[in-house]
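Accompanying notes for the structure given below.
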Amino acid sequence: MAEMKFQLPRGTQDIYGEDVSLWQKMEEIIYRQCELYGYKEIRTPIFEHTEVFVGENDSSDMVNKEMYTFKDKSQRDLSLRPEGTKGAIRAFVEHKMYGNADMPVKLFYMGPMFRYDRPGKGRYRQFNQFGIEAIGAKSPLLDVETIALGYAIVKAMGIDNVVILINSLGDDESRANYTKALKSHFAPYLKEFCSDCQRRYQQNPLRMLDCKIDKGHQGFTSAPKCRDYLNEESKAYFATVLKGLDDLKIPYKVDDSLVRGLDYYTNTVYEAVPKDDDGQQATVFAGGQYDGLVDTFGGGQLSGVGFGMGMERMIALAKEQKGLVVEEEKIDVYLISLGNISTYGAKIIELLRSNGIKAEMDYQKRSLKAQFKSADRYKAKVIIVAGENEYDNNTVQIKDTVDKTQENVRFEEIVDKVKSIIC
RNA sequence: GUGGUUGUGGUGAAGUUGGUUAACACUCUGGAUUGUGGCUCCAGCAUUCGCGGGUUCGAGUCCCGUCAAUCACCCCA
C-alpha cells in the first residue's frame, strides 16, 4: 500500500458516517421551521467581491487577518464569505427584492463560511452557518419573531437549556449619546486599562464593555448603562421586544454589556447561550436589528433584523444532551449469494429496490458465514439465499430473521413474499 | 497571533534508563462447520510508530524542523 500522502488542511473537517445523519436531521429541522415562519432560502455565492464584506468601520483585525482574500486571474479582489448577512443583503439590493409587495422579505441561508482563525473547540476555518434575515420592515415584533424562530430550532434539536441574552443599543441618536457618555466616563481611567481597551476607546468604545481583563475595574462597574441613554422611542421599542419574549415564554436575560462585535447593529441585539455555561465560547445563535446596513449597499433606508447560527456548535450541544436521536440504520433484505450464479443476485437486488425495498448484497464472494455476519450487521429483516440450485430453478430461499422460518420462493413471488414479512 | 499537551494498525491503546520478533482488547478475514449467522476454538491482518532531517553500532523511545489535533488565552462580523 502506498503511504498516505494527504491530511486535511488546518481547520477543516470531513463529515461522514453517523455525523452525516445528525447534520441531515438538523437541516430538516431548519427547513421545516423556516417554512413555518415564512423564511425562504437564498443561496448566495461562496465568494464575493471583498468590498461586500468590508464595512466602513470593521476593525482591521477581521478584515486583514481573518478573511480568505485572493485575487482571481483577472485581478479581481475576492473573498470567501466569512458570514451570511452581507451576501444576503447584497442580493436583496441587487435583485431589488424591495419591490416585493410583502415586506419584510424573509430569507434564510445555510452553508459553509470561512475565517482564517486558529482552530479551537468547535471552531473551524471552514464552518457552517445557518442564518435568517428579515429585510424591509422595522418592528419589535419582527425582532421577537427572529428570536422565536431561532429558539424553536434549538428546541427542536433537543437542546433545552438555552437562554437569550438581550440588550438594546437604541437608535442612531441614542447610540451616539451613549457613546459620548462612555467616552467621557472612561477618559480618566484610560491609562489603567489594557491595550485592547485603549484601542477600542478610539475605534468603538461600546466594545470595551466586552473586555474580560478590565471587567472588574471600578471604572467599569460604575460605567453608564446603555439603557439609560435610550430615547423614548427606543425605550418603548425595547420594552415591546421584552414583552413579546415574555408572552412567548422564551427565557431571556437583559445584559447591559452585550454589544456584539459589529457596528451595524441598532436597537435589539441578542445572543443565545447555554444556561450553565459561563457565557464563554458557547454562543448558539446571535444577531440583532440593523437600521443602516441596507443603505450601505445602496438599498435605501430599510431596516432589517436577523441572526447567524453556528451549526457545528448546535451539533455538539445536541450530542452532549443526546437531544437528536438518529434511528439506527436498518435494511429490509440482505441477499446472500453462493457459488456461480452469474448476475442472478444483482437481478434480485434491483427487483427489490425498484419495489421500494432496501436491499444489500455481498460483492466479494465471501464465505456464507461472512455474508450472514453482514446481514446481522445491517440488521436485515429478511435474508435471501441464492445459490446454484436456486439459480437453476429460478427460485430463492427467503428467511425471516425474526421467527427464523425459511421457504423456497419462485422469482416472481419474491417481492410479495418479502413485503408480507417486513410489513 | 501567544502558551501548554499530544500524534503508535480499521478502533481503543501498551511500549520501562535508546537494544534487535511493536503487548493486549475490539473489529475484520479465513478455517473448524465444502449451503444456513449471532456462541466457542484456531489462525491471519502495522516491512513500521504523523511527516522530514539529525545524534548513535543501534531510535517508537533522544534532538531539530514541519504538519495536524487538542486545551487555555486573543478574536469571534
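Here is the naming used below: chain letters follow the sequence lines, and residue numbers restart at 1 for every chain.
Both A/Ser367 and A/Pro9 sit near RNA chain B, but only A/Ser367 has its closest nucleotide nearer the 5' end. Each of A/Ser374 and A/Gln397 was assigned the nucleotide of RNA chain B with the nearest heavy atom; the assignment lying further toward the 5' end belongs to A/Ser374.
For B/U48, there is no paired nucleotide, since no Watson-Crick or G-U wobble pair has both relevant distances below 3.5 Å. Remark: B/G19 base-pairs with B/C57; criterion is Watson-Crick or G-U wobble with both hydrogen-bond distances under 3.5 Å. Nucleotide B/A25 forms a pair with B/U11, judged by Watson-Crick or G-U wobble geometry with both contacts under 3.5 Å. Across every strand in view, B/A68 sits in a pair with B/U6 that passes the Watson-Crick or G-U test at under 3.5 angstrom. With a 3.5 Å ceiling on both atom-pair distances, the Watson-Crick or G-U wobble partner of B/C73 is B/G1.
Here A/Glu360 pairs with A/Arg353 in a salt bridge; the nearest charged N to carboxylate O distance falls below 4.0 Å. A salt bridge links A/Arg90 with A/Glu94: the closest approach of a Lys/Arg side-chain nitrogen to an acidic carboxylate oxygen falls below 4.0 angstrom.
With C1' as the reference atom, B/C74 and B/C63 are 32 Å apart, rounded to whole Å. Across the P atoms, B/U61 and B/G9 are found 14 Å apart, a figure rounded to whole Å. Taking atom P in both B/C57 and B/G15, the straight-line distance is 29 Å, to the nearest Å. On the C1' atoms, B/U16 is 26 Å away from B/C26, given to the nearest whole Å. A distance of about 43 Å separates the P atoms of B/C42 and B/G53, rounded to the whole Å. Taking the P atom of each, B/C67 and B/U11 are spaced 24 Å apart, rounded to whole Å. Distance check on atom P: B/G54 versus B/C49 gives 15 Å, rounded to whole Å. With both ends at atom P, the span from B/C39 to B/G30 equals 16 Å, rounded to whole Å.
Using a 4.0 Å heavy-atom cutoff across all strands shown, A/Arg366 reaches sugar-phosphate atoms only and no base atom. Residue A/Glu390 is in base contact, counting any heavy-atom pair closer than 4.0 Å across all strands shown. When heavy atoms are screened at a 4.0 angstrom cut-off, A/Leu8 is found touching the sugar-phosphate backbone but no base atom. Heavy atoms of A/Gly11 sit under 4.0 angstrom from primed sugar atoms or phosphate atoms, though from no base atom.
Put simply, CD on A/Glu407 is 19 Å from P on B/U36, counting in whole angstrom units. Distance A/Phe307 CZ to B/A77 P: 15 Å, rounded to the nearest Å. What separates CG of A/Asp362 from C1' of B/G35 is a distance of 15 Å, to the nearest Å. Atom CZ in A/Phe114 sits roughly 18 Å away from atom P in B/A77 (whole-Å rounding). The distance between atom CD of A/Glu388 and atom P of B/U34, rounded to the nearest whole Å, is 15 Å. When rounded to the nearest whole Å, the span between NZ of A/Lys86 and P of B/A77 equals 11 Å. The separation between A/Lys121 atom NZ and B/C73 atom C1' is 15 Å, rounded to whole Å. Per the geometry, CD belonging to A/Glu271 stands 11 Å off P belonging to B/C76, to the nearest Å.
With hydrogens and angles ignored, the 3.5 Å screen pairs no side-chain donor or acceptor of A/Ser79 with any backbone N or O of A/Met67. For A/Lys381 (side chain) and A/Val402 (main-chain N/O), no donor-acceptor pair under 3.5 Å exists by modelled atom type. Listed for the A/Asp295 side chain is no donor-acceptor partner under 3.5 Å among the backbone atoms of A/Gly298. Within the 3.5 Å criterion, the main-chain N or O of A/Leu368 finds no donor-acceptor partner in the side chain of A/Gln371.
Taking 4.0 angstrom as the limit, A/Thr85 places none of its side-chain polar atoms (N or O) nearer than this to OP1 or OP2 of B/A77. Listed pair A/Arg377 / B/C28 meets the phosphate criterion, a side-chain N or O lying under 4.0 Å from OP1 or OP2. Within the structure, a side-chain polar atom (N or O) of A/Arg10 is placed less than 4.0 Å from OP1 or OP2 of B/A69. Residue A/Arg118 has no polar side-chain atom (N or O) positioned under 4.0 Å from OP1 or OP2 of B/C75.
Side chains of A/Trp23 and A/Met311 form a contact here, defined as non-hydrogen atoms less than 4.5 Å apart. Two residues are said to be in side-chain contact when any heavy atoms from C-beta on lie closer than 4.5 Å; A/Leu230 and A/Tyr178 fail this criterion.
Within 3.5 Å, a donor on the side chain of A/Lys404 pairs with an acceptor on the base of B/G38, or the reverse. Residue-to-nucleotide contacts include a donor-acceptor pair under 3.5 Å from the side chain of A/Gln406 to the base of B/U36. At a cut-off of 3.5 angstrom, the base of B/C75 holds at least one donor-acceptor pair with the side chain of A/Arg123.
You'll find that the side chain of A/Lys369 is closest to B/G31, out of B/U36, B/A69, B/G31. Nearest to the side chain of A/Glu66, among B/A68, B/C28, B/C75, sits B/C75. Which of B/C71, B/A77, B/C76 sits closest to the side chain of A/Tyr264 comes down to B/A77. Of the listed nucleotides (B/A77, B/U36, B/A68), B/A77 has the atom at the smallest distance from the side chain of A/Tyr265.
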